[in-house]
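Residue indices begin at 1 and follow the sequence shown.
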Amino acid sequence: MNWQVTVESAAGQSATATTTRIVYTPPGVAHGPTFAVQDMAFHPVPMPADGALKVCDGQVELQITPDGRPPHADNLRVRWRREGAARTWQPGDLDHENLGAGFIALDNLWRDCIPQGVVPMDPLIGFDQYFWNTSALTLELEFAHQAKTGRFFEMDARSEEVRRLLRGQESAVFDTWPPRVRAALARVRHHPPGFFTRSGLTLFRDDTWPWNRERAWIEPKPDPQPIVLYLIHHDCAWKRLCAALVELLGPFAQLDDRFLGVWYSNYAPLGQKHFQELAADFTAHDLPLDIVSVDMDWHGKDWYGYQWNPEFFPDPPAYRAWLRDANLASTFNIHPLYIPQGDPRLEEFRQRSGNTNPVHGARGDWHPYQAGCVRVDIHTQADAEAYFDIFHAPIERDGCDFWWIDGSVRHADGRDECGWLNHAYRAHLAKQPDRLPIVLARAGGLGAHRDAILFSGDACSQWEVLAYEVEASVRAFGGLIAFMSHDIGGFYHDSADRDENKPPDDLFIRWVQFGCLSPIMRLHSFDGVREPWKFAPATLEICRRFMQLRMRLAGYVRGLLDTDLHKGVPPHRPMWLEYADEDAYACFGQYLLGPSLLVVPVVRPDGAVRY
């Protein structure tokens with residue numbers, strides 16, 4: 001197979017870092033726009049006879065030896081200088097200076113499984129393939145247990161198996177730990193790599209789908225795919241790299257002013273009347289409330305569903321009118337892509353989309369919750385358009401301003417593939433009048449910043465988890481995630497310490513303080529207590545002070561969004577983005593809110609802090 005290699009330079013760069021693209025294409029395959037890089041123009045760089053050329057404004061030297069093969073150590077070499085010292089990369093070399101990124105979510109995060117360090121990056125591995133959910137470990141245990149017994153774990157038994165694995169003990173269920181479980185453990189022990197590297201040269205591979213500009217939709221991936229490598233020379237001038245990344249990958253999603261306020265949700269049977277009473281309680285206690293997050297009970301007790309539950313929402317138009325009168329936005333939880341066979345609109349969907357997927361049996365597609373459902377092919381435009389128009393648009397007309405996507409498409413290797421799903425939802429919302437074109441979702445990988453607020457998922461209510469959520473928020477920007485939303489107070493209770501899902505007052509206070517100085521302040525739990533007035537009076541007073549502080553800072557944050565975000569610089573920023581010294585590179589327990597405020601959350605019960 002005779003692969004061709006071309007080198008291209010990005011057009012229109014001014015004050016940004018310089019970007020070069022190297023493309024290896026197999027016979028009969030053309031390279032064009034991709035889902036990640038849809039619009040940026042590149043110009044060919046003439047290839048000299050000896051294969052030696054300078055790119056990135058002469059700061060990087062390439063040595064290319066075309067031999068009809070994909071890149072390997074003998075046909076590609078990259079040289080540059082960092083602080084006067086010569087640097088070299090060739091296929092097979094790993095980036096050990098990468099500052100890392102965050103997981104696509106922190107589901108099932110527990111004190112015994114806090115990630116440490118960063119996976120060294122191989123630029124020839126597709127960038128998205130590094131991004132996992134921390135729930136990969138528990139899900140692989142579930143799948144292994146289902147394969148062995150025909151059923152899923154009880155939650156307590158699964159938690160005990162996780163603890164055995166983390167302690168290096170033998171399994172109580174399996175003769176030996178299944179290989180996929182061991183592989184998942186290795187993945188969640190360390191952070192994925194990101195865009196920011198102290199080597200001074202960012203290299204990554206784009207293996208996302210081909211992009212059809214005319215249809216604004218993805219195309220099937222050819223087999224084999226072109227190998228597309230991007231080189232961005234920045235010499236650790238981080239804000240120049242930020243600008244280059246948004247120029248290449250597109251702008252960040254925009255936040256409505258209400259996103260800068262206070263959100264409330266609860267995975268509990270709550271409906272129209274409950275939320276109206278709740279909003280009145282917030283007002284009565286002099287607490288701000290801006291967004292109501294409606295969990296799955298709006299559509300009933302089943303995991304998947306798209307019809308109003310009249311028990312909880314007897315009059316959806318009245319709910320929408322109340323939201324507008326109260327100047328509240330509302331997001332609805334959706335477990336996507338599976339339509340219950342009992343939904344009366346299923347036949348309309350099949351006729352319009354041409355979908356012929358079968359109804360899943362007792363084991364579902366990859367989870368028993370999908371039993372009795374038909375899978376939607378979200379990558380197919382006809383399926384996606386029918387799915388949104390038939391099942392989502394009616395809910396949007398009656399009160400849903402944007403969607404809280406609680407699920408993803410799963411790869412065969414277990415990875416959550418959420419990038420395209422989030423984009424499809426966000427693009428649909430952008431076409432609707434008066435909707436907010438953004439999603440709350442698990443997110444990570446190339447282009448994730450354009451569509452989503454990262455919903456960090458279902459973590460435990462523990463001091464160690466709170467401390468890690470601060471680090472996770474700081475690390476998230478390494479993958480260009482500017483907006484991360486945690487369940488303030490934690491989602492699950494700590495079953496080892498308490499029965500009721502209500503954190504101790506001191507833990508709740510510290511979580512609220514962190515949330516109020518985070519990108520998103522969203523109270524949430526699994527049928528728990530997160531309403532500040534249900535804690536001690538002193539706790540309520542502290543929560544009130546910090547929530548009101550958040551509202552006073554909203555104008556400052558809006559100014560940062562308006563002036564800096566289009567340059568790729570977020571309001572909440574790692575220390576190293578402003579102070580490139582050794583101490584800053586080691587600071588994951590603090591961050592800056594703009595250039596003027598240092599935030600050091602207290603994450604220990606004794607109140608001790610280091611900064």
Side-chain angles (χ1 to χ4, degrees), residues 103-116 119 125-126 128-192 267 302-304 335-338 357-373 375 406-418 421 442 444-445 456-460 462 465 468 491-496 526:
F103 293 90
I104 68 167
L106 306 180
D107 287 299
N108 300 321
L109 188 70
W110 185 267
R111 62 165 63 97
D112 296 328
C113 195
I114 302 297
Q116 304 287 332
V119 175
I125 293 178
D128 288 6
Q129 295 185 41
Y130 283 105
F131 286 84
W132 292 78
N133 191 329
T134 56
S135 69
L137 177 58
T138 51
L139 284 176
E140 290 299 344
L141 274 171
E142 292 278 24
F143 297 144
H145 188 266
Q146 185 185 44
K148 179 180 175 65
T149 67
R151 62 185 187 278
F152 269 25
F153 272 115
E154 294 294 329
M155 184 175 291
D156 288 345
R158 184 189 70 186
S159 298
E160 179 58 29
E161 277 292 276
V162 170
R163 285 192 283 271
R164 285 176 172 272
L165 178 61
L166 294 174
R167 295 175 190 140
Q169 298 172 343
E170 293 183 355
S171 169
V173 176
F174 307 102
D175 295 333
T176 59
W177 292 109
R180 287 179 66 114
V181 171
R182 290 186 178 278
L185 176 61
R187 294 184 191 109
V188 303
R189 286 288 198 190
H190 307 290
H191 298 93
Y267 180 30
D302 293 328
W303 200 250
Y304 299 97
H335 296 106
L337 304 183
Y338 292 87
N357 290 336
V359 176
H360 286 295
R363 291 199 176 191
D365 187 357
W366 55 270
H367 197 289
Y369 287 163
Q370 295 145 2
C373 293
R375 179 174 53 84
D406 197 357
S408 61
V409 184
R410 289 185 63 78
H411 287 283
D413 64 4
R415 279 184 297 125
D416 292 285
E417 183 261 282
C418 48
L421 179 68
R442 295 166 178 87
S456 68
D458 304 339
C460 293
Q462 299 168 334
V465 172
Y468 179 70
F491 182 73
Y492 295 114
H493 68 86
D494 184 348
S495 59
F526 184 175

So which atom in Cys418 and which in Ile104 form the shortest heavy-atom distance, rounded to 0.1 Å? SG-CD1, 4.2 Å
State the CG-OG distance between Leu109 and Ser135, to the nearest 0.5 angstrom. 10.5 Å
Enter the distance from Gln169:CD to Arg163:CZ here, rounded to the nearest 0.5 Å. 10.5 Å
For Ala147, side-chain contact (heavy atoms from CB on, under 4.5 Å) partners two or more places apart: none
Starting at CZ of Arg180, measure out to CG of Leu139 and round the result to the nearest 0.5 Å. 10.5 Å
Test side chain to side chain contact (heavy atoms under 4.5 Å, CB included) on Val188 and Trp132; report intermediate values, then the result. CA-CA 8 Å; Val188 303; Trp132 292 78; 5.5 Å; no
Nearest 0.5 Å, please: how far is OH in Tyr468 from SG in Cys113? 9.5 Å
Please list, chain by chain and in numerical order, all residues satisfying salt bridge (charged side-chain N to carboxylate O under 4.0 Å, His left out) with Arg375, sequence neighbours excluded. Asp365, Asp377
Identify, with sequence neighbours excluded, every residue that meets ring-ring contact (aromatic ring centres under 6.0 Å, His included) alongside Trp303. His335, Tyr369
Partner set under ring-ring contact (aromatic ring centres under 6.0 Å, His included) for Phe491, not counting sequence neighbours: His524, Phe526
Rounded to the nearest 0.5 angstrom, the CD-NE2 distance for Gln370 and His360 is 6.5 Å
Are any of the side-chain heavy atoms of Val181 and Phe143 separated by less than 4.5 Å? no
Considering all heavy atoms, the nearest Leu421-Pro336 contact: CD2-CG, 3.9 Å
Sequence neighbours excluded, which residues qualify as side-chain contact (heavy atoms from CB on, under 4.5 Å) partners of Glu170? none
Quick check: closest heavy atoms across Tyr338 and Cys373, and the distance to 0.1 Å? CB-CB, 3.8 Å
When you measure from the side chain of Gln462 to the backbone N and O of Arg111, does any donor-acceptor pair fall under 3.5 Å? yes
Output yes when a side-chain donor or acceptor of Glu161 lies under 3.5 Å from a complementary backbone atom of Ala172, and no otherwise. yes
For Asp107, which residues count as a salt bridge (charged side-chain N to carboxylate O under 4.0 Å, His left out) partner, sequence neighbours excluded? Arg442
NE2 (His190) and CZ (Phe103) are apart, to the nearest 0.5 Å, by 9.0 Å
Test log, rule side chain to side chain contact (heavy atoms under 4.5 Å, CB included), inputs Trp177 and Arg164: CA-CA 10 Å; Trp177 292 109; Arg164 285 176 172 272; 4.1 Å; yes
May I have the step-by-step check of side chain to side chain contact (heavy atoms under 4.5 Å, CB included) for His145 and Phe174, ending in yes or no? CA-CA 8 Å; His145 188 266; Phe174 307 102; 4.3 Å; yes
Set of residues satisfying side-chain contact (heavy atoms from CB on, under 4.5 Å) with respect to Thr176, sequence neighbours excluded: none
For Val162, what residues pass the side-chain contact (heavy atoms from CB on, under 4.5 Å) criterion, not counting sequence neighbours? Leu137, Thr138, Leu141, Leu166
